[in-house]
Amino acid sequence: MRVPVLAYHSNNVAGNDYADNDHVALAADLAQIHARGLRIVPLARVIDVLLGRAPDSEVERAVAITFDDGSWFDWYDLDHPTCGPQRAFASVLRDFKATTGATAHATSFVIVSPRARAILDRTCLIGRGWWTDDWWPAAEREGLIAIESHSWDHNHHTLPETAQRDQRKGTFRNIDRYHDADAEIRQANDWLDAHCRTPREGLFAYPYGETNEYLLRDYFPSHISEHRVRAALGTYARPVERSSDRWNLPRFVCGRDWNSPDAFGRVLDGAL
Ligand SMILES: [Zn+2]
C-alpha cells in the first residue's frame, strides 16, 4: 500500500500561473494523474484499507485529493479582486470528469466554527461572505466533495478568541490538554454531524499540519468514542503506507512539495 494524498488550498490565489495558483495547479495535476494511468479514490477508501476494512486492491495505483480550510473558493467560481475569475475546485473536478470520463473526488477539511469563519472571511479574505457553510450539503449530495474536519477554529492567530486555554494562537502544537482538544476536535465533529450528512467518515486534518504527543498518544487513541475520528492527517511529505501512523498520516502539499508539473511528476514517481 502506497497512496499519495495530495493537499491543495483554494485560498492560494496570488496570480494565474501554476506556481502561484492552486486552482491552475489542481487542473494540471488531475490531467497528469490521468495521463499516467492513475486513478483518484476518496480519502475514506484509503483509510478503510489502512484500517483493514477494505482490500489493498481498492487503492492500487491511486491517489487521494484533499482541500484545506473550506472557503467558497472550493465550491463557487469567484471573481478574485486582483487575479480575476477563478474556477472553483469543484468546477475543476467536474471539468476533469467531463473531459476524461474518469472519476474524481476530494475531501474538503473545513474550519467548522461559523463564527470563526465569519471573522476569517474579513481577516484572510476580503470580507464578502465567502467562508459560509451553505455549500456543504450540496457538495455531499453531489458526492463530489466530502466535508470533514479541520478543527473548530484552527487556533488561528487572527481570531480575537480561540479554544486554546491561554490564547496562544497560530499553532496547533499547544492544543495539548483535554479541554482544548475536546473543544477543537469533538466539538467540531458534533457540529458537522448536526449539520451535514451522517454517518460521517470521521477524518481530521491538523491545522498547520501540526500535532503533539498528547494528541498522538493520548487524546486520539484514548477518546475515540467521544471524538469519533478514524484517522488524522498531517503534512509529512510521504505516501500513506501500511506502517503509517493512523493519527498523523502523511500528505504532500501543493506549493510546498511541488510548484510545477515536472516537480509534481517527481512527487508521483517517488511516491508510487
Ligand atoms: Zn488550514
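Read the numbers this way: they start at 1 and go in the same order the structure lists the ligands and their atoms. Computation of the quantities below employed the complete heavy-atom set of this structure, encompassing side-chain atoms and omitting hydrogens, waters and symmetry-equivalent molecules.
No side-chain N or O of Ser71 forms a donor-acceptor pair with one of Asp69 less than 3.5 Å apart. Using modelled atom types and a 3.5 Å distance limit, the side chains of Thr162 and Asn155 yield a donor-acceptor pair. Donor-acceptor pairing under 3.5 Å is lacking for the side chains of Asn189 and Ser149.
With 2.8 Å as the limit, His9 does not count as an N, O or S neighbour of the Zn ion (ligand 1). The Zn ion (ligand 1) does not have Asp68 among its coordinating residues (no N/O/S atom, backbone or side chain, under 2.8 Å).
Minimum-distance N/O/S atom of His154 relative to the Zn ion (ligand 1): NE2. Its N, O or S atom nearest to the Zn ion (ligand 1) is what matters here, and for Asp69 that atom is OD1.
Using a 4.5 Å cut-off on side-chain heavy atoms (C-beta onward), Ile111 and Trp152 make no contact.
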